[in-house]
Amino acid sequence: MTYLSTNWSLYRGKLATELGLKLFLALVFVGLTGCGSGESNVSAGNKNGTLYWGNGTEPQTLDPQIATGVPESHIISAVMEGLVLKNRKTLEPIPGVAESWDISADGTVYTFKLRDNARWSNGDTHTAHDYAWSWWRALQPALGNLYAYMLFPIKNARQYYEGDISDFSEVGVKALDDRTLQVTLSFPTPYFLQLLDHYSTYPVHKETIEKFGDADQRGTRWTYEGNLVGNGPFQLVDWKINRRIVVEGNPHYWDANNVSLNKIVFIPIENIVTEERMFRAKQLHVTSSLPADKISVYRAAKDPELRIAPYLGTYYYRLNVRKPQLKDPRVRRALAMSVDRQRLVDNITKGGQIPAYAMTPPGTMGYYPESDLTFDPEGAKRLLAEAGYPNGEGFPSTEILYNTNEGHRKVAVALQDMWKKHLNIDIRLLNQEWKVYLDTESAGQYEISRAGWIGDYVDPNNFLDLFLCNGGNNRTGWCNEEYDRLILDVAPSMSSLKERLEVFQKAENMLLDDMPIIPIYTYTSVQLVNSAVKNLDPNIMNSPAYKDIYLQADK
Amino acid sequence: MYRFALGRLLQAIPVLLVVITVTFFLVHSAPGGPFSADKAVPPEVIKALEEQYNLNQPVWQQYIGYLGDVLRGDFGPSFKYSGRTVNELIGAGLPITAELALYAMLVALGVGITAGVGAAMRPNTLQDYLPMTGAMIGICMPSFLLGPLLVLIFGIHLDWLPVSGWGDIPGDKILPSITLGTGYAAYIARLSRGGMLEVLSQDYIRTARAKGLSERLIIVKHALRGGLIPVVAFLGPAFAGLLAGSFVVETIFQIPGMGRFYVQAAFNRDYTLILGMTIFLSTLIIVFNLLSDMLAIWLNPKLRHELEGAKS
């Protein structure tokens with residue numbers, strides 16, 4: 001067909017011309033209606049107490065027993081609250097809904113006294129029974145709660161979850177009266193109080209959930225604006241998909257008088273480059289992150305708004321010990337010893353990361369892992385020779401698997417280079433899209449793979465129990481029964497913190513001797529924080545205490 | 001004309017069926033499921049989730065069930081956004097994406113036609129070369145480069161326009177519309193230049209010139225009508241392309257349109273969302289192509305006669 005006909009009708013051609021002209025006028029109109037940027041979010045927010053928070057991605061859900069991500073955790077912690085809160089600097093447990101608690105001498109029975117002015121955001125009284133019901137819900141397999149294991153220290157909770165017992169009254173949660181909750185643990189768990197500030201253990205409002213569906217039903221609409229009833233310092237007032245989530249002060253909150261912010265606007269921004277531009281344009285008070293190539297720019301300018309803090313997470317490589325060339329621990333040690341971590345964090349990652357020589361980040365619950373691992377290329381060469389590969393000769397070509405991401409690629413290239421230089425072995429790189437990478441790794445179809453672990457709670461247990469023989473997150477094929485015994489039986493039975501940490505050190509040493517993983521660095525959280533934001537103190541879980549934050553513009 | 005439209009709509013049914021079938025089996029055969037995560041997922045949870053979303057059934061059974069839902073206009077629940085339906089997610093983003101596409105189209109038409117007609121009036125002069133070189137650059141410049149460039153210049157350094165948002169701050173719709181529209185403006189400039197050059201060489205234009213009409217009158221009154229027919233034919237596919245291709249611009253400018261879901265859904269293996277978006281966008285493309293063909297026929301009697309001739 002040709003549209004270029006000479007035989008066209010004057011009448012219809014005229015229409016086209018007019019159409020074009022009108023469209024053009026409309027365009028000019030659009031252009032004119034909106035020049036001038038007006039007042040920025042930040043300066044308006046500083047006046048009326050509204051915090052603009054860059055929040056990563058659109059939340060999957062605000063149901064605390066289904067959610068799993070950091071963006072979700074921010075919003076949930078604004079609209080809900082657990083029995084305890086954390087000190088915003090040290091993360092020590094402080095009273096939340098529970099005004100006090102007693103712990104039995106053997107450390108297994110916790111008795112919480114709830115505040116008598118604890119209320120739900122609709123004004124309902126908030127009682128100890130809410131916890132028994134919420135934790136019952138959290139342990140329903142049909143709900144698909146990925147954090148059900150947070151409640152496993154409670155007596156019989158795991159057995160109930162796995163279907164070995166069916167009567168919930170056998171689980172160690174009892175509301176003795178409206179204001180008293182008694183929790184019985186199967187063994188003393190020094191980090192138990194911390195778990196109660198994890199959103200998966202927050203109480204949920206029974207009547208609301210049942211109004212919108214079954215208690216163990218996923219995907220009901222109870223968490224949407226207008227429906228959600230919480231017990232936190234703020235309440236949900238607006239949720240526009242991919243645009244913003246707005247929370248406002250909750251007048252029924254027990255400590256409402258001490259909440260300074262009127263409003264928080266959570267803005268989902270996947271693109272961290274856009275987020276940084278929005279921060280510079282004063283549309284955000286706080287960013288969730290900062291692109292790696294911008295970090296050095298902000299550092300060079302000594303920008304006070306740049307905030308880098310240690311983060312409870314370890315970036316490491318898994319070594320698949322089932323592969324022939326990685327079976328020998330000497331080979332794995334040699335690989336670990338020839339990684340120049342200091343150079344890596346100084347020149348490649350550049351975010352102030354801390355070189356890691358053990359799995360557990362230093363300072364976790366007062367635990368500073370000792371490690372004999374160092375950067376020792378000569379020693380590494382010797383070990384590799386002992387293992388039968390003098391000067392790398394005969395070492396099979398080995399592959400690093402990582403999920404497609406520029407940052408991961410840079411680290412992999414650096415390690416490839418270091419291993420070639422120091423051990424003279426050839427490493428290939430393979431990147432896969434995220435979900436494919438997860439499949440490949442879980443199936444054990446890799447040789448070396450990139451990994452990272454961010455702590456759920458501050459305790460060495462959370463890092464070391466990854467490598468239990470049957471641990472779903474192990475994925476290396478490494479299994480040591482003595483290690484399992486230390487983590488599962490010995491550490492929980494220790495009565496003093498010092499003894500317990502010694503057990504963890506022993507386990508950590510076994511891990512480092514056998515080296516099924518190569519610790520690379522301890523993460524840092526990197527974000528931009530406007531100078532008007534006060535009381536947002538850095539902490540190793542990078543978890544904000546919204547109720548304490550206030551805004552005060554510098555004069 | 002109606003019979004033509006009806007025929008085309010009937011043709012669209014097998015096309016859509018193929019789109020649904022291929023997409024359905026492709027997403028279900030992609031490695032990694034919707035519920036796999038970095039943190040190991042307990043088998044109890046996987047089982048519960050697969051039951052809830054019928055993923056424990058054989059794939060063909062899921063396919064039949066899905067077709068039934070689609071016929072009823074129900075794209076099902078999103079796997080990732082617990083509690084949201086795919087219809088709801090598309091419904092939330094569509095008006096915004098459509099508005100963005102419309103403004104981008106206006107930019108494209110305004111700039112493109114002006115540049116193209118101007119160039120055709122003085123072919124092979126500076127007035128031709130400059131806009132056409134610009135158009136070439138516009139076609140080649142990807143929006144993920146143009147967008148940040150515009151933001152840096154007009155948003156950050158000059159501080160004239162907002163760097164992000166949609167309808168939140170006055171003027172925040174300008175940069176995204178320009179970014180999305182530029183590639184199409186360039187294309188339209190070249191189309192209208194070609195169309196105008198062809199028309200301007202026709203006998204009746206020479207006649208008009210011989211009559212002593214002013215050049216402006218010749219262009220506006222006589223030449224534009226025919227010269228822009230290729231542009232009109234391009235409008236339908238272009239608008240569909242703008243709707244489907246707004247993803248990059250939406251991400252750069254933090255616009256809550258539906259494009260952002262498209263790529264995210266694929267990464268998340270959100271089967272129902274991928275399928276819903278694909279079917280919806282395919283339908284849009286089919287409809288806009290049909291509309292633009294019908295407009296072209298309506299504007300061009302030769303084609304209409306051919307059509308009517310075939311009918312009788």
Side-chain angles (χ1 to χ4, degrees), chain A residues 1 3-10 12-14 16-17 20 23-24 26-27 30-31 34-38 58 60-61 63 66 68 141-146 148 161-162 218-221 223-224 240-243 267 269-271 273-274 277-278 280-281 283 433-436 438-439 472-473, chain B residues 31-32 36-42 44-45 48-49 52 77 80-83 89 92-93 103 106-107 109-110 113 148 151 155-156 159-164 169-171 173-174 195 198 202 220 224-226 228-230 232-233 251-254 256 260 267 269 296 298-303:
Chain A
M1 280 203 296
Y3 299 115
L4 279 177
S5 164
T6 50
N7 193 8
W8 42 272
S9 138
L10 281 176
R12 292 193 170 114
K14 193 171 168 191
T17 318
L23 287 174
F24 186 73
L27 165 78
V30 170
C35 274
S37 307
E58 167 75 10
Q60 291 182 39
T61 173
D63 189 323
I66 296 178
T68 53
L143 190 66
N145 175 9
L146 285 182
Y161 179 75
E162 288 172 356
R218 282 172 77 92
T220 73
R221 307 189 67 88
T223 51
Y224 295 135
K240 295 265 185 307
I241 297 172
N242 260 347
R243 190 187 278 254
I267 306 177
I269 315 164
E270 294 111 28
N271 185 331
V273 179
T274 300
R277 284 197 296 260
M278 288 175 70
R280 273 201 279 168
Q283 291 182 25
E433 185 262 344
W434 176 242
K435 293 267 183 177
V436 182
L438 288 178
D439 254 23
N473 294 307
Chain B
S36 62
D38 195 8
K39 219 168 247 185
V41 183
E44 294 88 357
V45 172
L49 292 177
Q52 185 161 356
K80 162 131 178 162
Y81 301 100
S82 173
L89 293 173
Y103 294 158
L106 295 180
V107 171
L109 284 172
I113 291 176
V151 166
I156 308 265
D159 195 18
W160 288 354
L161 291 168
V163 299
S164 72
I169 306 169
K173 296 179 180 176
I174 295 175
E198 170 132 8
Q202 300 294 329
V220 173
L224 266 183
R225 295 165 187 173
L228 292 185
I229 284 182
V232 173
T251 311
I252 294 172
F253 291 98
Q254 186 55 26
R260 269 162 77 187
F267 283 141
R269 303 288 190 276
W298 185 56
L299 283 174
N300 190 335
K302 196 179 171 193
L303 288 173

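FYI, side chains are in, hydrogens and waters are out, and symmetry mates aren't considered; it's all heavy atoms of this structure. A note on names: the letters A, B, ... follow the listed sequences, proteins ahead of strands, and every chain is numbered from 1.
Between Val151(B) and Met278(A), every side-chain heavy-atom pair lies at or beyond the 4.5 Å cut-off. Residues Lys240(A) and Pro256(B) fail the side-chain proximity criterion, which asks for heavy atoms closer than 4.5 Å.
Judged as a ring-ring contact (aromatic ring centres under 6.0 Å, His included), and not counting sequence neighbours, the contacts of Tyr224(A) are Trp239(A). Not counting sequence neighbours, the partners of Pro148(B) by the side chain to side chain contact (heavy atoms under 4.5 Å, CB included) test are Arg277(A), Ile252(B).
Summarising the geometry, atom CD belonging to Gln254(B) is positioned 10.0 Å from atom CZ belonging to Arg243(A); distances are rounded to the nearest 0.5 Å. Rounded to the nearest 0.5 angstrom, Glu44(B) CD and Leu143(A) CG are separated by 13.5 Å. Atom-to-atom distance recorded for Arg218(A):CZ and Ser82(B):OG is 5.0 Å, nearest 0.5 angstrom.
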* Asked: Does the pair Lys80(B) and Glu58(A) meet the rule for a salt bridge (charged side-chain N to carboxylate O under 4.0 Å, His left out), with working shown?
  -> CA-CA 10 Å; Lys80(B) 162 131 178 162; Glu58(A) 167 75 10; over 6 Å; no
* Asked: How far apart are the C-alpha atoms of Ile169(B) and Gln283(A), what are their side-chain angles, what is the distance that settles it, and do they pass the side-chain contact (heavy atoms from CB on, under 4.5 Å) test?
  -> CA-CA 10 Å; Ile169(B) 306 169; Gln283(A) 291 182 25; 3.6 Å; yes
* Asked: So Lys39(B) and Leu146(A), side-chain contact (heavy atoms from CB on, under 4.5 Å) or not? Walk me through it.
  -> CA-CA 9 Å; Lys39(B) 219 168 247 185; Leu146(A) 285 182; 6.0 Å; no
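Taking chain A as the reference chain and counting heavy-atom pairs below 4.5 Å, the highest number among Ala92(B), Gly93(B), Pro31(B), Pro42(B) is found for Pro31(B). Your options are Asn145(A), Asp63(A), Asn271(A), Ile241(A), and the one with the most heavy-atom pairs under 4.5 Å with chain B is Ile241(A). Ranking Ala37(B), Gly155(B), Gly83(B) against chain A, the residue ahead of the rest is Gly83(B), based on heavy-atom pairs under 4.5 Å.
Under a 3.5 Å cut-off, the side chain of Arg260(B) and the backbone N or O of Asn242(A) do form a donor-acceptor pair.
Of all heavy-atom pairs spanning Ala48(B) and Pro141(A), the tightest one is CB-O, 3.3 Å.
Interface residue Val41(B): backbone and side-chain heavy atoms are both found under 4.5 Å from chain A.
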